[in-house]
Amino acid sequence: MTASPGFADLSPLARAREQRAWYWYDWANSAYVTTIATVLFAPYLTSVAEKAACGFVTDEDKGLKCTTDLHVLGVAVSPGSLVFYVVTLATIASALLLPVVGAAADRSARKKAIMAGFAWAGSVAAGLMFFVAGSDWQLGVVLLFAANICLGSSLVVYDAILCEIALPDERDRVSSRGWALGYLGGGLLLAVNLAVVTLHDSLGIGTAMAVRLSLLSAAVWWAAFTVIPYRGIRNRTPAAVEREPGGLVRQSFGQLAATLRDMRNYPVTLTFLLAYLFYNDGIQTVIASASVYGDKQLGFSTSVLIATILLVQFVAFFGALLFGRLAASRGSRRVILGGLVMWMVVVTVGYFIPEKNLPLFLALAVGIGLVLGGTQALSRSFFSQLIPRGREAEYFSLYQACERGTSWLGTLVFGLVHQWTDSYRPAIFALILFFVVGGGLLYRVDPRRGVAEAGNEAPQVL
């Protein structure tokens, strides 16, 4: 069933019900982002790759260090850099695929079905990670690639739906609450997984099996909670979309080409996208590399790393709500700029932190949590104000190409610097460049001009 076209065209109570249903997809996919993409799978796949390359896993206490490369299609790849190269390739593929997904979604009256379909396909790939064991790193690479593509595709449509269920003045609040609920949900599941990994001996299983069961739990969580937004969000007839000739696929490619040509008419939107590409790559690479950095460089155990990321999750819940409140009075752009300054402090402290210094590591985690959810939530709502009507999913596909778990330039730099220096410290510090460049570009963005160029209604505070 479809509703009439338009944005947030429901009564306040009906709109609020849809917004509450929409929040739950943040809750659903955060299980994958947190348990799998952020905490467990990167170090686990790195260990599997080390075993394949060297016959053992790095153990600093025993003086073991894997220095033998894998050979992928004739190219030497450090086991410690493998995960970052996979994420890089997934995002390059996303840059080609996601705009087509977005263009198709803008032409469909079944956005929620497209979103849920990609979510359930991604959860299947995540569930199959349970079978990655021994030295079978190739299966892990394929599944990580597939799950990241599906996550990005589902988020393209999910983000676009924000424009349909929230008025311009509501979007900072709605986006921030969605991110906050996501961090809360991801944190709760991570707490369960912390108990499983920490108490694996009491449960009669090994560490590897505990990790694999945790991966499976995140996949089931992602699939199950996607049912709530699927049932609670209404379908709408596409609004203000210029039809290209031919079927849906041909229309999607045709409209993508038209949008890329037309983007020069929205210079502010384009500048923000470029800024977001840089600073979000920095954010995503910090997130993706945090567990490997803590494990391989700082020498913390898996249980300590899970507990630390759990701390980040719960602090990020309050951080997202705090940033949403600040944006209501100071404007989202100004608050994002303040958050980027804090990110520069984070990577600088990360470079100098001594090995096995748990108090400083936890303090760093609190700092990350405060800015993590807020900068991402406000970036999503700020960008929604700069999109011309009828092309929300298509523009969000460009946005999503550099969104969480799919950064490419940052992971590439991180992987290359590690391979050149054989240390994660200069790799983590190199990420400060992304925050400097992204912040500089964002400073040049004129939000009111951007909203006017897109033909949208400006919120009272921007």
With a 4.5 Å heavy-atom cut-off, do [X] and [Y] have their side chains touching?
X      : Y      : answer
Phe361 : Asn357 : no
Val157 : Phe118 : no
Tyr25  : Thr226 : yes
Pro229 : Lys112 : no
Val413 : Phe434 : yes
Arg444 : Phe272 : no
Val174 : Leu162 : yes
Phe323 : Ser176 : no

Side chain of [X], backbone of [Y]: donor and acceptor closer than 3.5 Å?
X      : Y      : answer
Asp106 : Ala393 : yes
Arg212 : Ala133 : no
His418 : Ala427 : no
Arg171 : Ser384 : yes
Ser154 : Leu151 : yes
Ser108 : Ala104 : no
Thr375 : Gly339 : no
Ser381 : Leu378 : yes
Ser135 : Ala52  : no
Arg425 : Ile353 : yes

Between Pro426 and Thr421, what is the shortest heavy-atom contact and its length?
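Taking Pro426 first and Thr421 second, the nearest heavy atoms are CG-OG1, 3.4 Å.
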
Working note: Ile287 + Leu372, criterion side-chain contact (heavy atoms from CB on, under 4.5 Å); need CA distance, chi angles, decisive distance, verdict.
CA-CA 9 Å; Ile287 297 171; Leu372 177 59; 3.3 Å; yes

Interatomic spacing from [atom1] in [X] to [atom2] in [Y] - rounded to 0.5 Å:
X      : Y      : atom1 : atom2 : value
Ser30  : Leu189 : OG    : CG    : 10.5 Å
Ile165 : Arg20  : CD1   : CZ    : 11.0 Å
Leu310 : Leu305 : CG    : CG    : 12.5 Å
Ser81  : Leu416 : OG    : CG    : 7.5 Å
Gln297 : Ile428 : CD    : CD1   : 10.0 Å
Asp172 : Ser332 : CG    : OG    : 4.5 Å

Looking at Phe318, I'd like to know if its CZ atom is crowded, meaning that more than 12 non-hydrogen atoms belonging to other residues, nucleotides or ligands lie closer than 6.0 Å.
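Open.
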
Look at atom CZ of Arg173 and say whether more than 12 heavy atoms of other residues, nucleotides or ligands are closer to it than 6.0 Å.
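Yes, the 6.0 Å shell around CZ holds more than 12 heavy atoms from other groups.
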
For Leu274 and Leu270: C-alpha separation, side-chain torsions, deciding distance, then whether side-chain contact (heavy atoms from CB on, under 4.5 Å) applies.
CA-CA 6 Å; Leu274 188 59; Leu270 188 58; over 6 Å; no

Taking ring pair (Phe, Tyr, Trp, His ring centres under 6.0 Å) as the criterion, tell me which of Trp120, Phe225, Tyr158 meets it with Tyr230.
Trp120

Would you check if the distance from the ring center of [X] to the ring center of [Y] is below 6.0 Å?
X      : Y      : answer
Tyr424 : Phe414 : yes
Tyr276 : Phe383 : no
Phe396 : Tyr399 : yes

Applying salt bridge (Lys or Arg N to Asp or Glu O under 4.0 Å), run through Asp26 and Arg380 and close with a yes or a no.
CA-CA 13 Å; Asp26 261 312; Arg380 177 170 65 185; 3.2 Å; yes

Val220 vs Ser123, side-chain contact (heavy atoms from CB on, under 4.5 Å): CA-CA, chis, key distance, verdict
CA-CA 7 Å; Val220 172; Ser123 67; over 6 Å; no

Name the orientation class of the two ring planes belonging to Phe429 and Tyr351 (parallel below 30°, tilted from 30 to 60°, perpendicular beyond 60°).
tilted

Could you please spell out the steps behind the side-chain contact (heavy atoms from CB on, under 4.5 Å) verdict for Leu441 and Phe278?
CA-CA 9 Å; Leu441 289 169; Phe278 278 97; 4.0 Å; yes

Flag the pair Glu50 and Lys296 as a salt bridge only when some basic side-chain nitrogen lies within less than 4.0 angstrom of an acidic carboxylate oxygen.
yes

Check whether the side chains of Ser217 and Asn193 place a donor and an acceptor atom closer than 3.5 Å, and report yes or no.
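There is such a pair (donor and acceptor under 3.5 Å, judged by atom type) between the side chains of Ser217 and Asn193.
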
Just by distance, no angles: are the side chains of Gln284 and Tyr279 close enough, under 3.5 Å, to form a donor-acceptor pair?
no

